[in-house]
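All remarks here apply to the structure that follows.
Just the heavy atoms: all of them, side chains too, but no hydrogens, waters or symmetry mates, feed the values below. Sequence lines set the chain letters: A, B, ... in the order given, protein chains first and strands last, and positions in each chain run from 1.
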Amino acid sequence: MNLLAISSETWTITILGWLIVFAALLFLVGIFLLIPKIIKLATKRALHKKTRHVGSVPAEDEMMLTGEMNAAISMALYLYFDEIHDDESNIITIKEVKRRYSPWSSKLYGMNNMNFPR
Amino acid sequence: MNLLAISSETWTITILGWLIVFAALLFLVGIFLLIPKIIKLATKRALHKKTRHVGSVPAEDEMMLTGEMNAAISMALYLYFDEIHDDESNIITIKEVKRRYSPWSSKLYGMNNMNFPR
Amino acid sequence: MNLLAISSETWTITILGWLIVFAALLFLVGIFLLIPKIIKLATKRALHKKTRHVGSVPAEDEMMLTGEMNAAISMALYLYFDEIHDDESNIITIKEVKRRYSPWSSKLYGMNNMNFPR
Amino acid sequence: MLQKYKLPFLLFVLLFMGAGFNAFASAGVGTDIFEKALEGVEKFWNFTGFANAHFTNFIMIAVGLFFIFLAIRYDYEPLLLIPIGIGILIGNIPFPPGNKIGLYEEGSVLNYLYFGVQQGIYPPLIFLGIGAMTDFSSLISNPKLMILGAAAQVGIFATFWGASILGFAPAESGAIAIIGGADGPTAIFLSSKLAPHLMGAIAIAAYSYMALVPVIQPPIMRLLIPMEERKIKMKPPRAVSKLEKILFPIVGLLLTTFISPSALPLLGMLFFGNLLKESGVTERLADTARNSLINIVTILLGVTVGASTQAVRIVMDPNTGEMINKGFLSPDSMKIFALGAISFVVATAGGLIFARIMNLFLKGDKKINPLIGAAGVSAVPDSARVVQAEGLKCDPTNHLLMHAMAPNVSGVIGSAVAAGIMLAFLM
Amino acid sequence: MLQKYKLPFLLFVLLFMGAGFNAFASAGVGTDIFEKALEGVEKFWNFTGFANAHFTNFIMIAVGLFFIFLAIRYDYEPLLLIPIGIGILIGNIPFPPGNKIGLYEEGSVLNYLYFGVQQGIYPPLIFLGIGAMTDFSSLISNPKLMILGAAAQVGIFATFWGASILGFAPAESGAIAIIGGADGPTAIFLSSKLAPHLMGAIAIAAYSYMALVPVIQPPIMRLLIPMEERKIKMKPPRAVSKLEKILFPIVGLLLTTFISPSALPLLGMLFFGNLLKESGVTERLADTARNSLINIVTILLGVTVGASTQAVRIVMDPNTGEMINKGFLSPDSMKIFALGAISFVVATAGGLIFARIMNLFLKGDKKINPLIGAAGVSAVPDSARVVQAEGLKCDPTNHLLMHAMAPNVSGVIGSAVAAGIMLAFLM
Amino acid sequence: MLQKYKLPFLLFVLLFMGAGFNAFASAGVGTDIFEKALEGVEKFWNFTGFANAHFTNFIMIAVGLFFIFLAIRYDYEPLLLIPIGIGILIGNIPFPPGNKIGLYEEGSVLNYLYFGVQQGIYPPLIFLGIGAMTDFSSLISNPKLMILGAAAQVGIFATFWGASILGFAPAESGAIAIIGGADGPTAIFLSSKLAPHLMGAIAIAAYSYMALVPVIQPPIMRLLIPMEERKIKMKPPRAVSKLEKILFPIVGLLLTTFISPSALPLLGMLFFGNLLKESGVTERLADTARNSLINIVTILLGVTVGASTQAVRIVMDPNTGEMINKGFLSPDSMKIFALGAISFVVATAGGLIFARIMNLFLKGDKKINPLIGAAGVSAVPDSARVVQAEGLKCDPTNHLLMHAMAPNVSGVIGSAVAAGIMLAFLM
Ligand code: NA
Ligand code: NA
Ligand code: NA
């Protein structure tokens, strides 16, 4: 069996198809690498205005670390609960935890509260 | 543009249509002004029979006032909760409150218990 | 009116139909009288293996009695709750009760845990 | 600051509101406009329910109100009687034909919702939910009680015989007979296949008598079972293992549908639902099947079955070409109601008598309480509750409920098998 | 122990991954393959949204994003604006026609989901859920406030008149007019019957203005109601018995549908849902109707109504035979949006003015606060909340919410009756 | 007091029950009746499953039982395997053709429920629910992992190439290829468009291998990734803001569907569901989408896909006119199963190898653990769990789950895009 003895259209779809999938997701990657930078810029400006009133803000690096840990833990918890049962209740639990304990989310929700009145 | 230069059918629908909506809702108004009177009559008779056994019944006016306040409060609560979240849980809460605290509802549910065995 | 003056096909369906329903359910009865015996056989073998490691097992008769009572009670409870409200919550409650209190179910779940890893 | 716009705005609005009246007063000849208005009133009047009403509509509306009353006042099968009752009201609001309003007019909303009834799609979905909420433990623990569920199906075949005598065609008789099965979804499924034109009457009869089970059964029980036998106490059912519960729907599905493949939509879905429940790994699917899904289908099925009882329904006779009323209140409907009543009585009697016969072959503490035979008609779970209530009347310590559940659920299977048999012989 | 298979396996995989590139390099002439690849790229490019995009698509995408923004940022009717907004995005992704992608192409998934909109099936199901979640107590306790719900329907008939003047055909005018009813499901239901080709514009206009009620109504209120009247306090509504609550949907169903049988699908389902809620014996059905069922239908209705605003839609003109764009952004759509804005203003003004007129006939503590007239447009429950907010601005102790609920829910009934009247005259 | 009616009643019932037997004994010639009864028995026998069974039915029933066993015993994708497994049983109960029983017979209940599969309506609704339950945080926080989801799609295109070589037509090859995407809904959607006649085999293959992911992937992982690389620890993903989470579905929808408009039903619904979840203002819609709605559709899709594997299906050959068996157990089905197995292997290998290649360009603590490449095949969330399990085996402190979720969910997007590309080239 000659593996190459198929129509050239087949080859086109095989190679080109995969490349297009790559291109599409690379496009998405690019955009989503860009978005947080734009948001950061906007947030900084907003924070700048805010700090005049609020006073000291925790150093960003420190905050980020906490936020990261928090996200990692909550996602691990999420998947752990997901294994036990399949429904939604756990997600709500985790959301509550996130809101309650993370200084990062407090900052984030602060920002949201600024943009989203409710 | 002559605003009257449209077919007489348009005029008919415009005016008549609105009048019919009025008529329909006025009809409903009439019926629902009537219904409580009929119920009151029926209830009075039933209460009359009941009082022979049960003894004293709180004066109707006083009861009504309490019932009104209760209804007002519960509806206000209802809409307040409704703003917070959209689902049903609050309604149940209010229902419980109504059942628990109102002497009026106790009378009402008494009546219902008479008519509705469960 | 001659009650027999209908087509013989009607008679066929009337009599034969009922007999087939009987046959079908008798078939099921037979199978379900058989199944527990097969399971018991399999379980005994499994228990036999297990007891070497685990040690003493409560006498089967005693266990069965408890299991029966438990089943009877839970079914009664089930139908009792079913009369109060129509939804599912009660079933879960009963399931919990079953799991928690019955030595029989502990044996059963032991067996299941053997066959069903989760 | 908005106040300065107030006057012009008010003027504009009043202008508009007055314009119509001005038009009446000024435009053209005046009388012409008035005539047009009168014409309009007449046109609208001819469109209203008042103009199109027939006295039979009011009879049916009264029936619908009675259903709602029974459901709320006596709690008789409210999940069925409320949707059907309000459906009867909706189906009997008089309307001018040809405007896509009525259930039988193609393209109307009610007609689309009725599609699931007409094609027998709703009943299997309801059986899926019933399967997901039914605990077959009592039946698994004492399989021989299953036979009582077969015995009570005599109601079906007796009604088939009776309907044939009353002159119904064989397929019609088969559809009517299933009323004796005391299972609404099965009745709708079978009549959608065998006699769609009788479905309204069959469904209403089936659901009515199911709701009236607490009224119909007790006198027959007292007639056929002597007091001493009504007091028999039965051994508590043995406990059932999880494995048996899992095997039941699988084996049940294979056996019953091999015997009666036409019942596949009903029995397949019933046992599928039960496996979702008992497998222990598909709880979220079972939960949806026995809640959202069955509720949605119950709402749609109830209201459209109710609305299918339209009293006035003028259609052209395919033979003579004249317009005739094929509405609900026909002699056929009356016959179906009479047959339905008899079938419930015969089914109950069949279950009871067979239970007494079974006792001839059983000894000692294996004897069954013949009352539970009445639960074989199904009408789940009402007839099992009736058995419980009757049992308690004779001996306040004798709880028959758990025992009655076995013939009760096997009655569901029996009726579905019987429906399959009817389809095999008659379709 | 698997390591020994490693090398051959790796070789196989690399072989495959490399085969394609090898093929390019070796097979046949090489240039032929390269040409084919270029052809393939071109073919694919012609299939993408980039190749098929028209600037109007981007306008509509911007509109969709704006809807989503309004919903999330200002919480304006998010349950409607999010599905519709994302539907507008979905409907305006450019695609090559004839591949069963677009909503208007027969056999596409969107087309199947749109069926429930086109045939007016979704709106009655939404009304079922609304009935099952609406408490009519305030209306039952003070029936005369119901008239305000009729007064505000002037918006419908004013728009009918306006649309006729702007040159719309009578049936089209009727469909457009219903925007003034401020009820999305009613608007979709009526336009599905009277003017399916305008449904997208009508639905979008209706939902947009409903979402903007908190912006539209307050200025009109301040214009038409003097400050002293805005401060009027009303007696708390009397308590309502369970029996009255049960009778309301039954009586309401019979009366309104006898008057306006064409509104049967809407009003029948509305009152059916309310009976499920109030009967007290069908809570599980009511619960499903106001949760799963209404949510499912809302999702499907919202996304397909949004997607029906496809900007580019080339069809053959039935008369001339040439290909024309029947897309969303037409002069007709613009006119409909303008008429919609006017109808909301007139409806609000109608309710307010009528409330002031009613006050002329009422004495002492029976006088009503004219602000609640604005709630007669329905747009439940937003316009009632606007009344509450305006009332609080004038007197922070004056809670009008419970009073405003009466005209608010009667506005729903009034619009449905009006829709039935339009059908009676125009279909 | 009822006792006096006892005797006559009992007599009546016994009379009826005996009448049939009397009839046998007395009516007419007697032998004639007996012959009729025999005829009836024969007629019924010919209708049963026993009379219509073919040995292939039993093979398929065994397969269905095996699916159910896998689901309950090993907890492999029970939400899919239980409905499909019982569907296989239902589809292989033998029945006499022409009675509206089987899935492929027009007008049967199963056929109506199968409509949503045939027209590709169910898959987008499942994607809506998946969107509403998926947290894309890990992907947003580390977008470059998304590329792994693209790399694993090599399985799709490799299978396309393989299927072409095995002699399938291009459209058929495209439909078969999608098995390598490891997404059931995508596979069903694509095969409903490209090769409806192969849908059963494709769907069963896709779901079977998805369920077997914990068996298929580990050996490949061990083969292709050296131990030291399997131990690489990755930085925890950064926290993601609510705004990013809201923007993701909107931007994702616009970009991916502009590139691949044919995937609009799938990707549109996926991102719609995710926006319902993340917007924070439509929680009740998201809740219904990821519970009731997806459960209902999963039940219907699973059972009908299972039932579509009917082993015996006699149809007329359109060319020769002779009757041939188009049942499930054909050489084509076997080939599809073989191709499916290969495609899962190639997809996994593609993801793993690409992850190692990526590491060549990444430095220090930015290096990724190549195991997560295997999650790029999607099969959410099983393959991510397999990665986690394998990672723990090499280093019990290394939790890869959160990192594996990124390629896992991007694999879903990648497969949907690939499906759109297939449609663009082949439809
Ligand atoms: Na039955
Ligand atoms: Na309105
Ligand atoms: Na995938």
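Annotation: F/Tyr112 is in aromatic contact with D/Phe115 [ring centroid separation under 6.0 Å].
Interface residue F/Leu89: only side-chain heavy atoms are found under 4.5 Å from chain D. Neither the backbone nor the side chain of F/Ala307 has a heavy atom closer than 4.5 Å to any heavy atom of chain D. Heavy atoms closer than 4.5 Å to chain D are found in the side chain of F/Thr298, but not in its backbone. D/Leu267 does not touch chain F: none of its heavy atoms, backbone or side chain, sits under 4.5 Å away.
Side-chain contact check for D/Ser192 and D/Gln118: no donor-acceptor pair (N or O, by modelled atom type) lies under 3.5 Å.
Below 4.5 Å, heavy atoms of chain D meet heavy atoms from F/Lys43, F/Phe44, F/Phe47, F/Thr48, F/Gly49, F/Phe50, all part of residues 41-52 of chain F.
A side-chain donor-acceptor contact under 3.5 Å links D/Arg290 to the backbone of D/Ala132.
When all heavy atoms of D/Ala418 and D/Phe157 are compared, the closest pair comes out as CB-CZ, 4.0 Å. A pairwise comparison of heavy atoms in D/Val281 and F/Pro78 identifies CG2-CB, 3.4 Å as the closest pair. Looking at every heavy atom in both residues, F/Pro185 comes nearest to F/Ile126 through CG-CG2, 3.7 Å.
For the options D/Ser262, D/Ser260, D/Ala289, heavy-atom pairs under 4.5 Å to chain F are most numerous at D/Ser262. Each of D/Leu293, D/Ile259, D/Leu275 has some count of heavy-atom pairs under 4.5 Å with chain F, and the biggest count is that of D/Ile259. Interface summary for chain D: among F/Pro83, F/Ser108, F/Gly107, the most heavy-atom pairs under 4.5 angstrom belong to F/Pro83. Counting heavy-atom pairs under 4.5 Å between each of F/Ile93, F/Asn92, F/Ile61 and chain D puts F/Ile93 at the top. By number of non-hydrogen pairs under 4.5 angstrom with chain F, the leading residue of D/Leu423, D/Leu254, D/Ile296 is D/Leu254.
Note: F/Tyr74 and F/Phe69 have perpendicular aromatic rings, judged against thresholds of 30 and 60 degrees for the angle between ring planes.
In this structure, CG in D/Leu270 is found 6.5 Å from CD1 in D/Ile413, a value given to the nearest 0.5 Å. To the nearest 0.5 Å, atom CD1 of residue D/Ile188 and atom CD1 of residue D/Ile121 are 13.0 Å apart.
The local environment of CD in F/Glu106 is sparse, with at most 12 non-hydrogen atoms from other residues, nucleotides or ligands closer than 6.0 Å.
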